[in-house]
Structure formats: structure tokens, C-alpha cells
There are 2 protein chains.
Amino acid sequence: MVTLAEVARHAGVSASTVSYVLSGKRTISAPTRERVERSIRELGYHPNAGARALASSRSNIIALMMPLRTDMYLPVMMEIAIAVATTAREHAHDVLLLTGQEGPEAARRVVGSGLADAMILMDVELEDQRLPLVRVTPRPAVLIGLPSDTTGLTCVDLDFAATGRLCVDHLAKLGHRDIAVVGEAAAVYERRTGFAERTVRGVRERADELGMRMLHRPCDGSYESVAGTLARIFDERPETTGIVVQNEAAIEPLLGLLRQQGRAVPEDISVVAVCPEQVAAGTSVALTSVAIPAQEMGRLAVELVMARARASAEGGDPSSVPPRIELLPPALTVRASTGPAPAAR
Amino acid sequence: MVTLAEVARHAGVSASTVSYVLSGKRTISAPTRERVERSIRELGYHPNAGARALASSRSNIIALMMPLRTDMYLPVMMEIAIAVATTAREHAHDVLLLTGQEGPEAARRVVGSGLADAMILMDVELEDQRLPLVRVTPRPAVLIGLPSDTTGLTCVDLDFAATGRLCVDHLAKLGHRDIAVVGEAAAVYERRTGFAERTVRGVRERADELGMRMLHRPCDGSYESVAGTLARIFDERPETTGIVVQNEAAIEPLLGLLRQQGRAVPEDISVVAVCPEQVAAGTSVALTSVAIPAQEMGRLAVELVMARARASAEGGDPSSVPPRIELLPPALTVRASTGPAPAAR
DNA sequence: CCCGGGAGTTGAAGCGCTTCAACGAGGTGT
DNA sequence: ACACCTCGTTGAAGCGCTTCAACTCCCGGG
């Protein structure tokens with residue numbers, strides 16, 4: 001393994017010069033810099049990560065914690081993870097992937113050992129176990145998701161309440177008066193992961209304001225479960241003409257079932273989905289939907305966490321970058337699954 | 001930040017003793033060990049990862065490279081990643097997530113800098129760009145997937161050829177004579193990612209052996225694409241009674257379309273899927289399927305890579321753990337989507 | 001002609017850990 | 001009685017890098 005010292009010798013300069021060429025923290029004359037850079041290339045030098053971390057007490061690693069309990073929709077998680085990794089590289093950082101099992105311990109370990117400079121937490125619960133640590137640690141952290149108490153925390157998420165309202169507005173404008181929400185699996189609500197509840201709350205609020213009637217039913221993604229949920233909805237409220245789905249696994253079964261039951265989409269029933277763009281565009285009936293901006297969330301989380309990391313590395317004043325709740329505004333794209341409410345009943 | 005030296009002072013022993021308590025590489029008397037352990041707990045000590053890596057030249061990090069080109073089915077990737085992370089922790093290692101963008105450079109960087117002790121490569125292409133590096137580097141590496149030349153490499157994968165044969169055997173036993181494969185997106189074949197081709201080859205071989213006729217059509221996951229693919233299949237070969245699907249996104253649309261066309265599953269058409277268990281069980285018709293053992297693959301990859309890492313760390317003889325191709329045998333689970341071929345035509 | 005100051009470069013002191021060689025104490029075998 | 005182990009513990013030498021303080025030049029101003 002080539003070391004900095006060897007590069008220095010090869011280039012005929014001191015070790016510190018090589019270090020400064022690498023970091024750019026001191027001015028180096030052009031000829032020297034070029035000589036050093038040539039030596040680096042010729043010897044195939046790569047700075048040793050451990051030594052670097054030890055000397056600088058910065059690892060250039062971001063920890064990405066995703067507990068990944070069951071019932072979470074993996075593709076969205078994955079998309080966020082990819083965006084995080086990609087964006088982190090743009091800041092010369094790598095991403096350490098931490099999953100469930102260890103729970104809050106993992107965070108403690110990673111932060112305590114200096115393995116990571118910063119953390120991004122996914123799948124945040126309302127009363128998340130990891131929050132006490134996050135509040136105490138000097139390492140910058142960003143949550144993707146919203147806990148119940150956000151004081152002092154930096155969070156990124158889609159504005160799910162606004163999402164719910166937006167869906168209702170769209171349906172209301174089309175003349176629908178009775179709507180239903182086919183939601184995430186019951187386990188998701190029980191776990192009190194905020195996003196599912198927030199959507200439903202948004203829907204309910206706006207429905208109330210507009211004098212509409214609404215029903216909410218959790219539903220896991222299996223065909224049977226969707227069938228049962230639909231049956232109960234139409235049984236209880238046969239006049240339902242609008243459905244909001246927030247559960248990607250349920251979408252295609254839902255469309256299939258409606259078709260089977262002779263309910264045409266959108267002539268008899270309008271469907272609005274909350275899901276990634278890609279999903280909405282590829283279904284049997286192209287879905288009017290509010291996109292879940294997974295990539296944007298991942299990217300933004302990294303930008304925010306890096307801003308704080310940079311502040312505490314340079315100025316040393318972490319409060320120069322104040323905590324901040326970043327709720328992305330939802331956008332509704334109209335496709336083929338929504339239309340005017342059937343006039344006659 | 002608490003250091004080893006402080007722990008030593010607190011426990012009234014030397015630094016090396018603390019280190020040996022931590023690593024267990026020398027015998028330490030019970031009373032001393034306990035004293036040290038108490039100090040560690042009381043002070044809340046966490047060994048510094050950088051210092052450790054520098055001194056021991058082992059980082060306890062495994063790099064997981066997933067290029068994640070488009071068209072890959074994310075949930076399976078994700079499941080593998082989770083299994084890798086979980087299993088790595090059992091070996092006291094963490095996982096560094098490397099995604100596309102940088103390409104083979106990422107591997108060079110991570111290995112060159114000593115950031116990772118070992119690598120697991122996913123989404124392996126037949127002529128993978130990363131192979132030259134993998135063959136040269138002293139760091140242990142395991143591929144998930146099969147390149148065309150596997151000499152000197154350790155690989156883990158489902159035996160997709162056997163999977164293809166297994167599907168055919170099942171259909172043949174039920175009396176089907178004309179079958180079709182609804183495959184992955186055309187891009188997947190063009191990229192020459194082995195697994196998709198291997199399944200089709202397995203199907204074709206066995207079909208030939210048994211004197212069956214078979215058709216293969218790539219297909220992306222969108223509803224339209226599935227519709228087009230199905231139309232072409234039945235247009236070209238109306239006597240088709242068996243379908244093998246290897247494309248999870250296509251499954252639910254496929255079932256929906258067959259239903260719409262009045263083709264009953266399994267009375268008129270039998271469907272065998274190659275997909276994760278979980279997917280097969282939750283569809284509108286429970287699918288006879290060959291499972292993609294994502295978890296097992298991830299776990300096995302880590303076990304193999306750790307075995308090699310351990311060998312080169314201890315004995316120093318890396319050849320004590322020879323390279324090895326581990327093809328997991330497929331298992332077919334019969335569910336409700338396959339039945340006897342319709343006798344009359 | 002001297003002094004002050006910036007630019008470019010360097011030596012050396014760590015960063016916190018692992019590990020080697022060595023040492024004393026207490027057996028065991030002869 | 002001796003040599004010779006083994007066991008438990010230790011001091012010290014790095015691992016490869018960053019960064020501080022200092023030093024040398026060289027330039028411009030007084």
C-alpha cells in the first residue's frame with residue numbers, strides 16, 4: 001500500500017506538502033502541486049481512510065439508519081437510499097447502511113466510535129427511540145419523517161396532511177361527495193409512524209370543511225385484504241364515488257377488483273393514489289396521483305445534514321445552521337383515474 | 001470523547017490490558033477483566049473506529065456495491081441489502097453502501113483507501129467492469145450473480161437455469177405442451193445481466209428435451225407492455241396454455257388481463273412465477289412459484305466473504321478458502337395458479 | 001538599507017489504537 | 001536445586017495522516 005510519505009519522497013517534497021495539496025488548505029505553488037499530483041497518479045496513491053479519520057477526527061461517512069420494520073414499502077425506501085448515497089458522494093462522503101436489529105444502540109455505537117460524521121434517520125416513529133440520542137449528540141442528524149415533538153430537530157418529509165387535503169380538493173372539484181381512504185396496513189398505524197396518519201387527517205379535515213363524508217380503512221397489500229376492504233366500504237357506504245389509496249401494493253388489486261365488480265374507473269369510481277410517479281404511470285388505468293418524491297427527500301436530507309456538518313467543522317458554531325422542518329409541498333398530477341362524479345344515483 | 005487511555009487509568013491497568021480485554025487476544029484474569037469492563041461501562045467508552053482501523057489495518061466494514069441501473073427490481077435488491085447488513089453485524093462488521101455513478105472507480109477507491117475489508121458486488125453483468133479489480137485486489141470479494149468467466153471468483157446466486165427447467169417440468173407434468181415466458185424488460189437482456197438469460201435458457205433446454213414448444217418475450221412492467229406481450233403471444237401461438245413469468249411488476253397486470261380476456265387461471269391458462277415468496281402469496285390468484293431467496297443470498301454472500309476475510313486475517317493463507325460458485329437450488333411451491341392443461345382444443 | 005509581511009514549504013507533535021517483545025511471578029519436571 | 005514453562009501484565013513502537021508553529025524567501029515600503 002502506497003503511503004503519503006512515499007508520495008512525498010517520490011515528488012521530492014515533505015509529507016505536509018502532499019497533505020496540503022490533497023486538502024487544499026494551504027496555498028501550494030503550481031509547479032509543486034503538479035509534481036505531487038503526478039507522483040500520486042504514478043504511484044496509484046489512495047489516502048488511508050483510517051489514518052485520515054484518526055488525524056482529522058472526521059470520517060467522511062454518513063450513517064443511514066433504516067429500521068425496516070415489516071410493512072414498509074421497500075421501493076420508496078430504496079429510492080431514498082440511492083438518492084442519499086448519490087448525493088453523499090457529491091459531498092465526498094460515503095454512506096453506512098444501518099438496519100433494524102440493533103435499534104438505537106446502532107446509533108450510539110456509530111456516533112460514539114466516530115465511524116460516522118452525521119446521521120440520516122428513516123422510518124421515524126412519532127415517539128422514536130432514537131430521538132433522545134439525536135438531541136444529545138453533537139453530530140448533525142436529519143430525520144426523514146416527522147416525530148410528534150420536533151423541537152431542535154431537522155426533518156424532511158412530504159407534507160402528507162397537505163397531500164390528503166389536495167386529494168380531497170381534487171375529488172370535490174369533480175363533484176364527489178362520498179369518499180373513502182384505502183390506507184396502509186393496520187400495523188403501520190399501530191406503530192404510529194406519522195405519515196400514514198397525517199394523510200388521513202388531512203383528508204378528514206378537508207372533507208369536514210367541505211361537508212363531504214369520508215371513510216378510512218387500513219388495508220395490507222394482499223389481494224384478499226383489498227377485496228375485503230372494498231367490500232366493507234361499499235357495504236357501509238354504497239354511495240362512495242371517490243377513493244384515495246395510500247398503499248402501493250393495494251393499487252393494482254384495487255383496480256382489478258373494481259373492474260371485476262363492474263365499477264368503471266373513472267366513470268363510476270374515481271381513484272387518487274399517493275405513490276411514486278413511476279407506479280402511477282404504469283398501472284392498468286393511469287392514476288391521478290400525488291407523487292412521493294423519494295429522490296428529492298433523500299437529496300434534501302443529505303444537503304441539510306452536510307450543511308450542519310460543514311458548519312460544525314469550520315466555524316464550529318453549529319447553531320449557525322438552525323434546525324428546520326422541511327415539508328415538501330405535494331403536487332397532484334391528473335391522469336385517467338379520476339373524472340366527474342356520476343350525476344345520477 | 002472517552003479514550004482507551006482514560007479507561008486504563010480509571011481501571012488502574014495499562015492501555016494494552018484494556019485493548020486485550022476488548023479483543024480477547026490474550027488471556028486476562030477474571031478480576032482484571034471485570035474491573036476493566038466496569039470502567040468501560042461507567043465511562044461510556046466506545047473505541048475509536050479510525051484509530052482502530054489505522055492500528056489494525058482492518059476497518060470492519062464490508063462494501064456493498066449495487067450499481068442499480070434502471071429496470072432492476074428494487075425490492076429484491078433491498079431485501080438482499082438488508083440481509084447483508086444484518087448478517088454483517090453478526091460478524092461485527094458494518095456495511096458501506098456504494099451505488100452506481102462512480103462505477104468501478106468506487107471499488108478502487110474503497111479498497112485502495114482501506115475503507116472496506118471486503119466487498120460484495122450485486123447486479124453483476126456477464127462482462128462486468130469491476131471484475132479485473134476484483135481479481136487483482138487482495139481483499140476478499142463475493143459476487144451476487146454470475147459473470148461469464150468465473151475463474152477465481154466466489155459467486156452466489158439462485159440457479160436460474162435449474163429454475164427454468166423446474167418450471168417446465170411442473171407444467172409438463174400437468175400436460176401442458178405449449179408454453180411462453182414473459183420475461184424481464186428488454187433492457188435487462190441487452191445489458192447481459194446473466195440471470196434473465198439463464199432462466200430462459202433453462203426453460204428452452206427442458207422444453208426442447210420434452211418436445212414442448214416455447215415462446216419467449218421480454219416485457220417491461222407496465223400494464224400496456226404486458227397487454228402487448230400477451231396479445232402477441234396468443235396471436236402467434238393461440239394454443240399456449242402455460243406461462244412462466246419472471247418479472248414481478250408484470251404479474252398482477254398479467255393476471256388482470258387474463259381475467260379480462262376470459263381466460264381462467266388455472267383452468268385455461270397455468271401461470272408459474274419466479275419471484276419472492278411474499279409476492280407469490282399475495283396476488284389475486286395465489287401463484288405457483290419458484291422463490292427468489294433474496295435473504296438467503298445476502299446472508300450466504302456475507303458468510304462466504306467473511307470466511308475469506310478471516311482466513312487472510314488470521315492464517316494469512318487466503319487460498320485456504322478456495323473460490324467457489326454457490327448456486328442455490330430452486331424450489332417450486334405449488335399454489336392456485338397452475339392446473340392440468342385443458343384437454344380439449 | 002532595513003524592516004514587515006505574505007507566500008510557500010517543512011519538521012514534528014500528536015490522533016487513539018494494536019501488538020510485539022519483555023518481564024515478574026508462580027508453577028512443573030528432573 | 002535448577003532450568004524451563006505458562007500466565008498475566010506492561011511499555012513502547014508504530015499505523016498514516018493532519019495541522020500547528022516555525023522557518024525561509026522574496027517583495028515592497030519607508
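Naming: A, B, ... by sequence-line order, numbering from 1 per chain. Computed from a predicted structure; not experimentally measured.
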Item to complete: Apply the side chain to side chain donor-acceptor pair (under 3.5 Å) test between B:S39 and each candidate in B:E34, B:R9, B:E6, B:H10; give the one that qualifies.
Response: B:H10
Worksheet item: Using a cut-off of less than 4.0 Å, is there contact between a side-chain N or O of A:K25 and OP1 or OP2 of D:dT18?
Response: no
Discussion item. Under 4.0 Å from OP1 or OP2 of C:dC15: is there any side-chain N or O of A:S56 that close?
Written reply: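 So the side-chain polar atoms of A:S56 never come under 4.0 Å of the phosphate oxygens OP1 or OP2 of C:dC15.
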Measure the distance from [atom1] on [X] to [atom2] on [N] and round it to the nearest whole Å.
X	N	atom1	atom2	answer
B:R52	C:dT19	CZ	P	10 Å
A:L115	C:dG16	CG	C1'	14 Å
A:L4	D:dG16	CG	P	11 Å
A:R33	C:dA7	CZ	C1'	13 Å
B:L43	C:dG16	CG	C1'	15 Å
A:R9	C:dT10	CZ	P	14 Å
B:D117	C:dT18	CG	P	14 Å
B:L22	C:dT19	CG	C1'	14 Å

Candidate nucleotides [options], ranked by approach to the side chain of [X] - the nearest:
X	options	value
B:T17	C:dT10, D:dT9, C:dT18	D:dT9
A:A55	D:dT9, C:dC15, C:dG16	C:dC15
A:N48	D:dT9, D:dG16, C:dT18	D:dG16
A:S14	D:dT9, C:dG16, C:dG11	C:dG11
A:T27	D:dC17, C:dG8, C:dT9	C:dG8
B:T32	C:dC17, C:dC20, D:dG8	D:dG8
B:T3	C:dG8, C:dT19, C:dG16	C:dG16
A:S16	D:dT18, C:dG8, C:dG11	C:dG11

Contact class for [X] vs. all strands (heavy atom < 4.0 Å): base, sugar-phosphate, or nothing?
X	answer
B:S57	nothing
A:I28	sugar-phosphate
A:S19	base

Discussion item. Determine whether B:S19 and B:S16 satisfy the following criterion, side chain to side chain donor-acceptor pair (under 3.5 Å), listing intermediate values before the conclusion.
Written reply: CA-CA 5 Å; B:S19 178; B:S16 22; over 6 Å; no
Worksheet item: Looking only at N and O atoms, is any donor in the side chain of A:Y20 or the base of D:dC20 less than 3.5 Å from an acceptor on the other one?
Response: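 Such a pair is found, so the answer is yes.
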Discussion item. One pair to check against side chain to side chain contact (heavy atoms under 4.5 Å, CB included): A:L153 and A:R135. What are the steps and the verdict?
Written reply: CA-CA 7 Å; A:L153 301 175; A:R135 288 209 164 86; 3.5 Å; yes
Discussion item. Can you confirm whether B:Q129 is buried at CD, in the sense that more than 12 heavy atoms of other residues, nucleotides or ligands lie under 6.0 Å from that atom?
Written reply: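 At most 12 heavy atoms, drawn from other residues, nucleotides or ligands, come within 6.0 Å of this atom.
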Discussion item. According to side chain to side chain contact (heavy atoms under 4.5 Å, CB included), who are the partners of B:L54, at least two apart in sequence or on a separate chain?
Written reply: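 With neighbours one apart ignored, the set is A:N48, A:A51, A:L54.
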Discussion item. If you apply the rule side chain to side chain contact (heavy atoms under 4.5 Å, CB included), what do you find for B:V305 with B:M119, and how did you get there?
Written reply: CA-CA 8 Å; B:V305 89; B:M119 290 195 295; over 6 Å; no
Worksheet entry | 5' priority, DNA chain C, between B:A51 and B:R26 [closest heavy atom] |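 Going by which nucleotide is closer to the 5' end, it is B:A51.
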